[in-house]
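What follows is a set of notes on a single structure, which appears directly below.
To find a chain, count down the sequence lines: A is the first, B the second, and so on, and within it residues start at 1. All of these numbers come straight from a predicted model, not from anything done at the bench.
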Amino acid sequence: MARFRLTDSTLRDGSHAVAHQFTEDQVRRVVSSLDAAGVPVIEVSHGDGVGGSSFNYGFSHTDEMHLIRAAVEEAKQAKIAVLMVPGIGTKDDLRKAADAGATVARIAVHCTEADISQQHIALAGELGMESVGFLMMASMISPEGLAEQAQLLDSYGVGTVYVVDSAGAMTIDDARRRVSAVKKVVSCQVGIHAHNNLSLAVANSLAALEEGVDQIDGCTTGLGAGAGNCPTEILVAACEKSGISTGIDPLGIMDAAQDTVRPIRPDQGVIDRDGLLLGYAGVYASFLLHAKRAAERYGVDTKDILLELGERKVVGGQEDMIIDVAMELQRRAAAAQVAGQ
Amino acid sequence: MSKTACAIVGSGNIGTDLMYKLQRSPHLELGLVVGVDPESDGLAKARGLGIDATHDGVDVLLDRADEFSIVFEATSAWVHRQNAPRYAEAGLKCVDLTPAKLGPLVVPPVNMGANVAADNVNLITCGGQATTPIIHAVARTCEVPYAEIVSTVASLSAGPGTRQNIDEFTTTTSAALSEVGGARYGKAIMVLNPADPPILMRNTVFCALGDGYDRDAVANSILAMVDEVSQYVPGYRLKSDPVFDEDLFHTPGGDVKARVVALLEVEGAGDYFPPYAGNLDIMTASAVRVGEAMAQSMNGGAS
């Protein structure tokens with residue numbers, strides 16, 4: 001019997017890493033290999049959730065409802081989950097996802113804004129979906145503050161509350177204290193979603209397990225925003241070696257990683273300066289590719305954009321601020337050059 | 001010249017901010033503020049200014065309907081749906097600041113004149129007031145197959161009504177981008193930011209540009225529109241000149257080869273909420289503008 005339930009988000013968080021260009025063929029192959037390895041939940045959506053296809057976050061290559069349907073067809077045992085961010089997606093998007101066969105609705109909000117998710121959590125229930133409350137950027141709030149928000153979600157009737165380290169900024173102690181604070185006050189299950197910007201995603205997930213976490217997110221090869229997520233195949237291997245049963249075949253998931261997911265982005269797993277900076281400065285990991293593009297366009301440094309975003313305490317969803325910051329850095333650089341002449 | 005008598009229903013953030021602005025109107029006389037909570041700060045503030053205020057609900061206004069011509073609805077979409085038929089029956093014209101969307105959607109510099117005679121007009125949302133003028137400004141120079149806006153407000157400035165109905169905000173705003181702004185297809189995104197000190201309201205407008213657009217015409221039209229809105233919302237401004245990007249974009253309104261991006265900031269007048277709450281300010285400033293136009297139209301166009 002597995003000690004925790006694993007949700008693989010390669011086809012949702014990983015969407016950030018491929019600028020939302022997943023094809024139906026890729027989705028079918030990934031779902032089929034993860035399903036065969038025994039992954040119990042597979043998330044499929046635009047990186048910013050259903051309804052995320054946009055100028056601000058990037059347009060999807062293929063309509064995500066089409067991808068969800070394909071995933072549902074391929075999965076023999078796995079449940080298909082979707083992410084939905086209130087303010088970006090709408091209840092209509094959630095209804096369409098349910099129609100397409102998704103059975104888990106993960107409602108994602110910034111860690112201080114749980115109360116905007118009540119109507120979506122209620123709708124998930126009406127649609128017969130399992131609901132998950134997903135508290136993003138949880139490194140920006142104290143363990144006590146996070147626990148209060150988790151209690152709100154619990155009172156709305158979610159099945160699980162997730163502690164989400166969207167910036168990959170948590171140390172092991174940070175993760176431990178947050179999971180433990182949430183675990184103490186809710187009656188529902190608790191999950192952790194870790195990013196690897198500080199190379200701590202697996203370690204934080206294992207520490208969370210010691211604090212009694214019931215669910216863990218991974219992405220195969222770590223394919224995901226920023227420096228990537230907790231790599232599913234490594235988490236499974238580390239757990240099995242520690243005597244923690246995962247219910248997933250370690251060699252099967254390694255094959256899925258190497259043969260099916262790795263070819264999508266062969267360089268996944270390298271933590272370069274930009275990826276590390278996200279974790280160091282506590283910046284939303286999904287900003288990375290947008291910041292790189294803006295840096296190129298406005299002739300400024302990605303590093304400076306990321307540090308300025310951290311200074312301004314920008315939250316998930318504010319990708320439009322990247323253009324603003326890049327233009328301001330460009331103006332400052334031009335002014336400095338004039339002053340120097 | 002006599003002023004037109006009006007009332008506010010709803011004594012929360014929006015209603016109270018509106019109260020301060022109506023005090024300064026040369027055309028409107030605020031005679032009554034209606035709430036439901038005896039402890040309401042807004043009602044206490046009204047009484048402090050010598051304005052009649054009640055916590056006994058909308059019946060008080062309806063009993064005295066012959067004293068008033070215009071009512072500003074600052075409750076919630078659900079409450080407005082209950083109240084609207086009763087206002088109509090009582091002969092009260094209504095400026096609706098909730099996202100109920102019963103009457104025509106109105107944005108002052110775009111379509112106020114055409115709707116000034118309607119019995120009930122809707123002001124969409126704060127994001128709608130801030131962004132549809134820009135989309136209209138682009139759409140009057142070229143085809144806009146798709147428009148998208150991102151509206152970011154300080155968490156502290158979003159009251160419980162907005163928080164429980166964030167879907168109404170996004171869907172009502174999306175509808176306005178096409179119905180009022182003139183885009184073929186629209187998408188609205190709302191983000192709440194809890195930073196302390198609170199951030200000013202920010203809006204980013206993306207317009208897909210149809211073939212044959214004229215860059216100068218688009219930019220000049222946007223600048224002219226920002227000037228026009230800032231006449232009644234002084235804190236409304238562009239963060240930088242409009243940005244043009246040429247690339248192939250696969251938008252829901254079709255493929256386009258270019259887009260324009262306008263980054264806007266709205267600083268409030270600080271009437272009730274501090275200046276960061278430009279989202280409250282633009283709603284109440286638009287409401288006053290529309291109420292004044294209604295009053296002038298009722299008085300035979302004389303001002």
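The shortest non-hydrogen separation linking A:Arg297 to B:Phe244 is NH2-O, 3.3 Å. The two residues A:Val315 and B:Pro194 have their closest heavy-atom pair at CG1-CD, 3.7 Å. Annotation for B:Ile166 and A:Gly87: closest pair CD1-CA, 3.9 Å, computed over non-hydrogen atoms. Nearest approach of A:Ile88 to B:Lys187, heavy atoms of both residues: O-NZ, 3.0 Å. Heavy atoms only, all atoms of each residue included: B:Pro252 and A:Phe59 are closest at CD-CE2, 3.6 Å.
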Step-by-step side-chain contact (heavy atoms from CB on, under 4.5 Å) determination, A:Phe55 to B:Val150 | CA-CA 10 Å; A:Phe55 273 132; B:Val150 185; over 6 Å; no
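Looking only at distances, no side-chain donor or acceptor of A:Gln318 sits under 3.5 Å from a matching main-chain atom of B:Thr152.
When the candidates B:Thr170, B:Leu192, B:Asn193 are compared by the number of heavy-atom contacts under 4.5 Å with chain A, B:Asn193 comes out ahead. With chain A as the partner, the residue from B:Ile199, B:Asn165, B:Asp196 showing the most heavy-atom pairs under 4.5 Å is B:Asn165. Taking chain B as the reference chain and counting heavy-atom pairs below 4.5 Å, the highest number among A:Val314, A:Thr90, A:Thr112 is found for A:Thr90. Interface remark: of the candidates B:Thr162, B:Val243, B:Thr171, B:Val243 forms the most heavy-atom pairs closer than 4.5 Å to chain A. Taking chain A as the reference chain and counting heavy-atom pairs below 4.5 Å, the highest number among B:Pro160, B:Ala195, B:Ser155 is found for B:Ser155. Chain B forms more heavy-atom pairs under 4.5 Å with one residue of A:Glu328, A:Lys313, A:Gln118 than with any other, namely A:Lys313.
Of the two parts of B:Ala158, neither the backbone nor the side chain holds a non-hydrogen atom closer than 4.5 Å to a non-hydrogen atom of chain A. Heavy atoms closer than 4.5 Å to chain A are found nowhere in B:Ser174, neither backbone nor side chain. Contacts of A:Glu319 with chain B are absent, with no heavy-atom separation under 4.5 Å from either backbone or side chain. With a threshold of 4.5 angstrom between heavy atoms, A:Val85 does not approach chain B through any atom at all. Neither the backbone nor the side chain of A:Met140 comes within less than 4.5 Å of any heavy atom in chain B. For B:Lys239, the parts sitting under 4.5 Å from any heavy atom of chain A are the backbone and the side chain alike. Residue A:Ser53 touches chain B through its backbone alone, counting heavy-atom pairs closer than 4.5 Å.
A:Lys292 NZ: more than 12 foreign heavy atoms inside a 6.0 Å radius. Within 6.0 Å of CD on A:Glu296 lie no more than 12 heavy atoms contributed by other residues, nucleotides or ligands. Heavy-atom contacts from other residues, nucleotides or ligands closer than 6.0 Å to CD of A:Gln21 number more than 12.
We find the CD1-CZ distance between A:Ile116 and B:Arg163 to be 7.0 Å, quoted to the nearest 0.5 Å. Of the inter-residue distances, the one linking B:Tyr146 atom OH with A:Ser54 atom OG reads 6.0 Å to the nearest 0.5 angstrom.
With respect to A:Asp320, the side-chain contact (heavy atoms from CB on, under 4.5 Å) criterion is satisfied by exactly one of B:Thr204, B:Val261, B:Val205: B:Thr204.
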Only distances under 3.5 Å count here; give the side-chain donor-acceptor pairs of residues 119-129 of chain A to other protein atoms, sequence neighbours excluded, each with its distance to 0.1 Å.
{"residue": "A:Gln119", "atom": "OE1", "partner": "A:Lys91", "partner atom": "NZ", "Å": "3.0"}
{"residue": "A:Gln119", "atom": "NE2", "partner": "B:Gln164", "partner atom": "O", "Å": "3.3"}
{"residue": "A:His120", "atom": "NE2", "partner": "B:Asp167", "partner atom": "OD1", "Å": "2.6"}

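Proximity of B:Val191 to A:His110: side-chain heavy atoms (C-beta onward) are nowhere separated by under 4.5 Å.
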